[in-house]
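Step one of this worksheet: look at the structure below.
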Amino acid sequence: PRAILMEDGSYMDELMIFDGLGKAKVEEVQCGDICAVVGIDGFTGFTPVQYRIIENFLCSAKEVVFTVSIGEDRDSSLFDMSRDMINRIIDLASRNGVNHGQDIILKTDSFLEKHLLRYDGARGKLKDSELRIVHAVNSVSEASFVAADIQRLIKTKGYRYRDLAVVCSDISTAKTVLSHEFEQSGIPCYFDESVTVGENALVLMIEAALDIIRTDYSYESVIRFLKSGLVTDNEAMSDVMDNYMFECGRRGYKRMIASWDYMPDDLKDIDREELNGYKNSILEKLEPLRDVFAEKKAEPCDITSALRRLLESNSVQEKLEKLAQEFGEKSDPERQREYSGVYECINLLLENIETLLEGEKLSCEEFRDVFLAGAQQIKLGMIPSGTDRVTIGDITRSRLDGVRVLYVMGANDGSIPKLLSRGNVITDAEKEKLKSAGFELSPTIKEDLLIQRYYLYRLLTKPSDQHNLSIQTPVRACRVHQ
């Protein structure tokens, strides 16, 4: 089989989608067929896990083909990311006895691709209206110009929405004004951003369950668990149990498992047997997790096993799928994506905790902290609900192929590229020393600027027809220079 795997999730034939490989177990990713030819296109680098998966590809596939953006002037620092990726792939191939085939170099005639951000003094003539500089008063003025110009291109020039893209220096800030302007103008759009799951109901449910054990069934943790939305559908009995625990001060495992016979005057209408039955059904689901921590500390595999039993006993996966479907019917794609993907991500997080902390023993509080730290880092990529819509993204995440007109909002100095803050524990000089010793660390401020410059180069060389750069300046009206 032959497959072309794209970073944006598109593919040819049936092999697999590479974008999800970073979430897979390395040993599970094999070509399985010596005749397989794997093509990987559009990447600027890979994570350590993805490099291990690529190593599996190199060892098992007939051929692995990579496409890399790199200029003819190989000494330019603009393409340091590409050179680093090439060197690492060649090193992986060499270590596994894989031959490096003949490289194919595709040249370009585009003046921008040859000279943009090279500072080589080259001069050339752009096509009419190929580059426009827009001076806007504020972000609202920028968004109004973009929306009006998109409408003009659609109505008078025969463009499709998918031919146009908007890139922001800060998508979280620009999202509000762009959403409003595009909605008012009837422009379909897709925000190319990640959805975090740190506040998802599943994460809150697991956190509450661990807090119940950690705090010996405190009132607050038990009620948070009940009202996570994934434990019970009987909201009325949850409210009754809440009122009873608050009124009677019920907390602590011994007082929870004891029969609740006493009824205060304002709760005398409660059915005692129904309340005790409901309470016992909740406690029964938590029993396996409590047993794991009977000796205060437990191995991660035992803890994760108890958590999985808890999720299964509450049919959490089915409830999340139902919620995702409801959000889809309400035209809320962000929440739909969050709830449709969170179960798989949390399950993978539990597997990673098992693997990374194998042989260790953790207290309930220690495991809770590890789990929450991992959950806060989980991000789910949004999937567009249709193809003919304007893509809105940023310079580091978005991959804009087939774009004819590009709008760059907030292209002020210090915003694109964005300067990193210096509030790091390790200084840049210390990072350089550790990197020279073979450690893999986050980029220094200088390296990060070079990385962002490369992303900016890739971004600005994508549009085939026109570039629009908008800058916020303290002037009275929006001005356009061609």
Side-chain angles (χ1 to χ4, degrees), residues 1-22 29 31 33 35-94 96 98-118 162 165 167 192 381 391 393 395-404 406 450-464:
R2 176 177 292 270
I4 304 297
L5 312 175
M6 310 294 289
E7 189 182 28
D8 63 2
S10 61
Y11 65 98
M12 293 173 60
D13 290 338
E14 69 279 352
L15 192 55
M16 60 184 66
I17 299 175
F18 194 85
D19 192 36
L21 293 185
V29 182
C31 291
D33 189 341
C35 297
V37 177
V38 180
I40 301 174
D41 174 62
F43 283 80
T44 54
F46 301 101
T47 65
V49 172
Q50 286 175 334
Y51 272 116
R52 291 168 61 195
I53 293 168
I54 287 172
E55 188 172 10
N56 282 2
F57 281 160
L58 292 171
C59 295
S60 58
K62 177 183 177 182
E63 184 179 4
V64 184
V65 180
F66 299 86
T67 63
V68 185
S69 297
I70 190 164
E72 297 176 34
D73 47 342
R74 298 266 178 133
D75 294 332
S76 172
S77 61
L78 181 62
F79 299 99
D80 282 351
M81 284 184 71
S82 297
R83 273 190 291 273
D84 178 63
M85 186 172 75
I86 291 170
N87 292 334
R88 292 193 64 170
I89 292 169
I90 292 174
D91 181 57
L92 280 177
S94 177
N96 289 279
V98 178
N99 293 328
H100 179 191
Q102 180 64 42
D103 291 336
I104 300 172
I105 300 175
L106 303 176
K107 297 187 178 182
T108 179
D109 295 326
S110 168
F111 179 80
L112 278 179
E113 288 189 40
K114 285 183 176 179
H115 302 288
L116 181 66
L117 299 177
R118 306 294 214 292
R162 62 171 175 262
V167 170
D192 183 18
T391 299
I395 69 169
T396 56
R397 172 181 167 81
S398 301
R399 304 291 183 264
L400 306 174
D401 291 319
V403 171
R404 295 174 61 188
L406 176 69
L450 291 175
I451 290 170
Q452 290 195 59
R453 190 160 67 106
Y454 175 64
Y455 282 133
L456 184 61
Y457 167 82
R458 283 172 54 88
L459 184 74
L460 294 178
T461 54
K462 289 290 184 183
S464 58

Give a yes or no on whether Asn87 atom CG has more than 12 heavy-atom contacts from other residues, nucleotides or ligands under 6.0 Å away.
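Yes, because the 6.0 Å sphere around CG of Asn87 holds more than 12 heavy atoms from other groups.
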Once you round to the nearest 0.5 Å, how far does [atom1] of [X] lie from [atom2] of [Y]?
{"X": "Phe79", "Y": "Ile86", "atom1": "CZ", "atom2": "CD1", "value": "10.5 Å"}
{"X": "Leu450", "Y": "Leu117", "atom1": "CG", "atom2": "CG", "value": "11.0 Å"}
{"X": "Met81", "Y": "Arg453", "atom1": "CE", "atom2": "CZ", "value": "12.5 Å"}
{"X": "Leu116", "Y": "Leu456", "atom1": "CG", "atom2": "CG", "value": "7.0 Å"}
{"X": "Lys462", "Y": "Glu113", "atom1": "NZ", "atom2": "CD", "value": "8.5 Å"}

Evaluate side-chain contact (heavy atoms from CB on, under 4.5 Å) for Val403 paired with Thr391, printing each intermediate quantity in order.
CA-CA 9 Å; Val403 171; Thr391 299; over 6 Å; no
Please report the shortest heavy-atom distance between [X] and [Y], naming the atom on each side.
{"X": "Tyr454", "Y": "Leu78", "answer": "CD1-O, 3.3 Å"}
{"X": "Ser82", "Y": "Ser69", "answer": "OG-O, 2.6 Å"}
{"X": "Phe66", "Y": "Ile54", "answer": "CZ-CG2, 3.7 Å"}

Check the pair Val98 / Leu58 against side-chain contact (heavy atoms from CB on, under 4.5 Å), numbers first and verdict last.
CA-CA 7 Å; Val98 178; Leu58 292 171; 4.2 Å; yes
Go through Tyr51 and Met85 one step at a time and tell me if the side-chain contact (heavy atoms from CB on, under 4.5 Å) criterion holds.
CA-CA 10 Å; Tyr51 272 116; Met85 186 172 75; 3.8 Å; yes
Between Arg88 and Asp91, is the closest basic N to carboxylate O distance under 4.0 Å?
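No salt bridge links Asp91 with Arg88.
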Ile89 vs Phe46, side-chain contact (heavy atoms from CB on, under 4.5 Å): CA-CA, chis, key distance, verdict
CA-CA 10 Å; Ile89 292 169; Phe46 301 101; 4.2 Å; yes
